Every structure is written in structure tokens, then in C-alpha cells.
Amino acid sequence: MRQRSSWDQYFMDIARQVASRATCDRKHVGALLVRDRTILSTGYNGSIRGLPHCDDVGHMMENGHCVATVHAEANAIIQAAKNGVRIDGATMYTTASPCWPCFKLIANAGCVRIVYGEFYRDQRIFEFAALLGLELVSLVPDTSTDAASVAAEVGLETL
């Protein structure tokens, strides 16, 4: 008998597909906003609407990071707002844990849960998620261990 994917795995697989649309070759990230097992919005990291893609014209680098792109999580929130979709109470699925600025957007947008793939650089999200009661879940791909070790280090559940 075939084993069905969990809902978290199902939505993370979709987020990985969304990441395939990213237009900054330094990192491809996909994000999905979901409530009641319904996809509300998607986003991937890419240039400001109407401007050339990093993949085509190069990167705008500051402190070792490309700042020309809008992050996947922000794009998912923006897309929902643009289309009048309420995201309060939603779960954010993202292929990489949110950076600090995106974490603040997710929290203020009213999301109650973040499910992420690989760990991406900012430990502050763990402390502030705990303070806010915002659930963080690491959904580690079979080939990665660093997200699991980060989650174990701070006492988070790993699926």
C-alpha cells in the first residue's frame, strides 16, 4: 500500500517547485502561504517587478548578499495583499528558514506557523518565535543535516 505524504511534506514539495521560478541564481527559495490546507499565495525570490533578473544582468551586492531581489516570503505576502487574500492565521512554508527582515514580516502578517527546509543564517528567529508563540518547524530534506542539528540545538521538533 502506498504511503501518502504528510500535509507538511506535500506543501513543502510545492514550495520547492515554486523555488524553481526564482530569478537570482545565488539562492533559489520558494514560499507558500497555507490556511486550512488551502494554498493562499506563493512567492519566490526575484527582482522587483518590471526590472531585469539577476540571472540576466548580474547581482547588486552589499556585504556579500544580493539585495536586488525581493525574498520569497515577502513576495508571498505581497501577492496575497495585492489580491486581497487574508493570511492571518496562516502557515508559511519556505524552502529556507526566513531571514530576520522576512521573519518580522511573517510575524506581523499574522502567520502562526513557519515550516522551513534548510536553516538559513539567522538564529534570532528561534528566540523571537518562542516569545511570540509562533511555531517553527524544521522539515529537513533527507540529504540535509544542518537544519536538524540547528533544530535539536534549540529544542525544536524536526519532522
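We're numbering straight along the sequence, starting at 1. The structure displayed is predicted, hence computed values, not measured ones.
- Here ring-ring contact (aromatic ring centres under 6.0 Å, His included) pairs that include residues 8-37, with residues two or more places apart or in two chains, are W7-Y10, W7-F11, F11-Y93.
- Here the closest non-hydrogen pair linking C54 and T69 is SG-CG2, 3.6 Å.
- With ring centers used as reference points, F119 lies under 6.0 Å from F126.
- Nearest heavy-atom pair across G46 and T23 is CA-OG1, 3.1 Å.
- Residue pairs meeting the side chain to side chain donor-acceptor pair (under 3.5 Å) criterion with at least one partner in residues 95-108, sequence neighbours excluded, are absent.
- Atom-to-atom distance recorded for N75:CG and T42:OG1 is 9.0 Å, nearest 0.5 angstrom.
- Residues L134 and V112 are members of separate hydrophobic clusters, defined by side-chain heavy-atom contacts under 4.5 angstrom among Ile, Leu, Val, Met, Phe, Trp and Tyr.
- Inter-residue side-chain proximity for V70 and I78 is flagged as met; some heavy-atom pair is nearer than 4.5 Å.
- Residues satisfying the side chain to side chain contact (heavy atoms under 4.5 Å, CB included) criterion with R49, sequence neighbours excluded, are Q79, K82.
- Between L132 atom CG and I125 atom CD1 the span is 12.0 Å, to the nearest 0.5 Å.
- For the salt bridge (charged side-chain N to carboxylate O under 4.0 Å, His left out) test, no residue two or more places apart in sequence or in another chain qualifies with R121.
- By the criterion of side-chain heavy atoms lying less than 4.5 angstrom apart, applied directly or through intervening Ile, Leu, Val, Met, Phe, Trp or Tyr residues, Y120 is not grouped with V115; the two fall into different hydrophobic clusters.
- Remark: Y44 engages no residue in a ring-ring contact (aromatic ring centres under 6.0 Å, His included) (not counting sequence neighbours).
- Applying the side-chain hydrogen bond (donor to acceptor under 3.5 Å, both in side chains) rule to S20 yields the partners Q17; only residues at least two apart in sequence or on another chain are considered.
- The hydrophobic cluster around M60 extends to V67, counting ILVMFWY residues whose side-chain heavy atoms fall within less than 4.5 Å of a member.
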*Should R113 and V137 be marked as a side chain to side chain contact (heavy atoms under 4.5 Å, CB included) after you check the CA-CA gap, both sets of side-chain angles, and the distance that decides it?*
CA-CA 8 Å; R113 190 167 180 257; V137 177; 3.9 Å; yes

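- Not a single donor-acceptor pair under 3.5 Å links the side chain of S41 to the backbone N or O of L33.
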*Step by step, work out the side chain to side chain contact (heavy atoms under 4.5 Å, CB included) result for F103 and I114.*
CA-CA 9 Å; F103 175 83; I114 300 170; 3.9 Å; yes

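- Evaluation of the ring-ring contact (aromatic ring centres under 6.0 Å, His included) test over residues 56-75, restricted to residues two or more places apart or in two chains, returns none.
- With a 6.0 Å radius and a threshold of 12 heavy atoms from other residues, nucleotides or ligands, L131 has its CG atom above the threshold.
- No donor-acceptor distance shorter than 3.5 angstrom exists from the side chain of D122 to the backbone of C99, with no hydrogens or angles considered.
- The stretch residues 17-27 participates, sequence neighbours left out, in these salt bridge (Lys or Arg N to Asp or Glu O under 4.0 Å) pairs: K27-E118.
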What side-chain donor-acceptor pairs closer than 3.5 Å can you find for residues 85-92, not counting sequence neighbours?
unit_1, atom_1, unit_2, atom_2, d
R86, NH1, D88, O, 3.3

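- Interatomic distance, CD of E135 versus SG of C111, reported as 12.5 Å (0.5 Å rounding).
- More than 12 heavy atoms of other residues, nucleotides or ligands sit less than 6.0 Å from atom CG of D56.
- When the salt bridge (charged side-chain N to carboxylate O under 4.0 Å, His left out) test is applied to D55, no partner is found at least two apart in sequence or on another chain.
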*Can V18 and L32 be said to form a side chain to side chain contact (heavy atoms under 4.5 Å, CB included), step by step?*
CA-CA 8 Å; V18 171; L32 216 65; 4.2 Å; yes

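- Here the shortest heavy-atom pairing between S47 and P52 reads OG-O, 2.8 Å.
- The shortest non-hydrogen separation linking A74 to C102 is N-SG, 4.3 Å.
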